[in-house]
Amino acid sequence: MIDRRGALKTLAALGAASATAGCAVGGGTRSAASELMPGTARRVVIAGGGWGGITAARYLRRLAPDLEVVVLERNPVFFSCPMSNKWLVDVIETNFLMHDQLRPAARAGYRFVNTEITAIDRERKRVHVTGGYVRYDWLVLSPGIRHAYDAWFGNDVAAANYTRTNFPSAYIPNAEHLALKQKIQNFKGGDLVMTLPPPPHRCPPSPYERACLIAWHMKKHRIPGRIVILDPKDGIRPIGGGFKRAFEELYKDQITYVPNAKVSEVDPFNRKIRTSAGEFRFADAILMAPHQAGELCWDAGLVKKNADGKPVNGWSDVDEFLLHARDDRSVFVIGDAVGPVSPLFGHYPKAGHVANWHGRMVANYIAAFSKGREPEPMLPDNLCYMLVNGDPREAIMVDFKYKFTQDLIEQTQVDVNERSTKLFAEDIDWATRTYRDIFGT
Ligand SMILES: Cc1cc2nc3c(=O)[nH]c(=O)nc-3n(C[C@H](O)[C@H](O)[C@H](O)COP(=O)(O)OP(=O)(O)OC[C@H]3O[C@@H](n4cnc5c(N)ncnc54)[C@H](O)[C@@H]3O)c2cc1C
């Protein structure tokens, strides 16, 4: 693991670079340049080396050692969104979130390439990156999410950029996390407004956890402010009971929860938001625009559109069991970018735990295909711990299970609303075990 100060410096430097380079993707820059890494071995290219992508790479090397595995990732260092709310208020150290990418790759035998992916050419089975293209036999897309600022600002790029820079949501690793941490540390008081995206969005309970922890920080440091949560839903979900009790019992003076607050207009320059629950002015804000599948899925033509060319739901349309593109069994999507998988509940929770499972599932599927076999569909599970109190450290949790029912995937959900220090200990244990599974350490 890299040391804490070095890691932060890398992170800060990265922020600017990745933010600018990221603009190229949607445009689909297909360089005429030459093939990078030429060779004849059958190859799996993994686009995005986050929770899903790195898991897939490691399991593929284990399950199909004759395949070459290449991970393409814009960030040289792994920064974990899970546990990052705790890091924002100094409950967790930076070293716990950040992981070296090169040593795990060398150990497992996959290639980690630090580069920006600029386009996907499914016809010619090529992934374009800065300076050339990489050929693939199978492609796994695990690019996470994008912020759909256009839902608020249309084509007004200045408003979107101003919002991203001044009121970052910190839902994509990693520069925004640094900006938000500094914002929290420098916050002097007043209303800190937090908009929640409409569902489905990345890690559904995590905005409420973030509110609790910022409220705890305000209370501890006697900052005369409050967090105003603008939720488009009619109530807190999941673990609604546990969060509601934390809001009422621990943060009565620090948190104001507003349900049914669908955003209709955002004026970041004048710090005003209009919603279906009224208009709000703010001293500072964490503005979360709607989430959609990461840019690469759009570029690869995997987001379903209707007859007018408008996106149906903004997520990747894949086979619900094997996670491959409906018209292309050589291309898979995993993690948060996946669209609905069941008419019974819609989307899998957009969680690192699920992305980790997807990585394992898709490694099994590609290994089977590479040996000429039809894979057996697998199902994930999901559990998510949320810290609601910083002192003592008490968490609540939600547990999801899946099974097949008459050719459909069925979900059961259990909320554990009683906060306890035991659940926080389980959370640390979960993260430690899962990082170990992803990186093989
Ligand atoms: C505050 C917060 C708390 C959370 N807490 C939890 C939790 O407690 N438990 C849990 O299970 N989940 C949690 N999550 C959710 C979890 O972070 C995501 O579900 C998980 O990261 C999804 O994995 P992924 O592989 O789909 O995307 P990511 O992990 O985001 O990986 C996508 C990768 O693709 C790369 N990429 C994208 N485009 C390009 C490009 N053009 N070129 C090169 N690289 C590219 C990105 O840099 C990134 O590394 C939390 C999320 C947040 C924001």
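Numbering of ligands and ligand atoms starts at 1, following listing order.
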Can you tell which of [options] gets a heavy atom nearest to [atom]?
atom	options	value
atom 4 (C) of ligand 1	C203, P173, G49	C203
atom 10 (C) of ligand 1	G352, G359, G52	G352
atom 24 (P) of ligand 1	S142, P82, G50	S142
atom 22 (C) of ligand 1	D336, V354, T115, V71	D336
atom 35 (C) of ligand 1	E73, M288, E295	E73

So if I count the atoms of ligand 1 from 1 in the order they appear, which ones are less than 4.0 Å from some heavy atom of [X]?
X	answer
N85	1 (C)
R210	1 (C)
A355	22 (C), 23 (O)
G144	26 (O), 27 (O), 32 (C)
K350	15 (C), 19 (O)
G335	26 (O)
N75	47 (O)
C384	7 (C), 8 (O), 9 (N)

> Counting distance only, does the side-chain N/O of K403 pair as donor-acceptor with the main-chain N or O of T412 below 3.5 Å?
Replying inline: no

Take the angle between the ring planes of [X] and [Y] and call it parallel below 30°, perpendicular above 60°, tilted in between.
X	Y	result
H291	Y171	tilted
F153	Y149	parallel
Y435	F96	perpendicular
H99	F439	parallel
H347	W315	perpendicular

> Do NZ/NE/NH1/NH2 and the carboxylate oxygens of D137 and R42 come within less than 4.0 Å?
Replying inline: no

>> Ignoring hydrogens, what is the shortest heavy-atom contact between V303 and A293? Give both atom names and the distance.
In response: CG2-CB, 4.5 Å

>> So which atom in V416 and which in I396 form the shortest heavy-atom distance, rounded to 0.1 Å?
In response: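 Nearest pair, atom of V416 first, then I396: O-CB, 3.3 Å.
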
Of all the heavy atoms in [X], does at least one lie under 4.0 Å from an atom in ligand 1?
X	answer
M386	yes
A337	no
S84	yes
W430	yes

With a 4.0 Å heavy-atom cut-off (strictly under), which part of [X] contacts ligand 1: side chain, backbone, both or neither?
X	result
S206	side chain
H353	both
L296	side chain
W87	neither
R202	side chain
A351	both
T118	neither

>> Using side-chain heavy atoms (C-beta onward) and a distance below 4.5 Å, is Y348 in contact with F400?
In response: no

>> With a 4.5 Å cut-off on side-chain heavy atoms, are W138 and F332 touching?
In response: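 Yes. Closest side-chain heavy atoms under 4.5 Å.
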
> Residues two or more places apart in sequence or in another chain: which of them pass side chain to side chain donor-acceptor pair (under 3.5 Å) with D191?
Replying inline: R226

> With a 6.0 Å cut-off on ring centres, are F79 and W87 close enough?
Replying inline: yes

> Any chance the rings of H324 and Y365 have centres within less than 6.0 Å?
Replying inline: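 No, ring centres 6.0 Å or more apart.
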
>> Would N382 count as being in polar contact with ligand 1, using the rule that some N or O on each side must be under 3.5 angstrom apart?
In response: no

> Taking N or O atoms only and a 3.5 Å limit, does M83 qualify as a polar contact for ligand 1?
Replying inline: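 No: no nitrogen or oxygen of M83 is under 3.5 Å from one in ligand 1.
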
> Does atom NZ of K233 have more than 12 heavy-atom neighbours, drawn from other residues, nucleotides or ligands, at distances under 6.0 Å?
Replying inline: yes

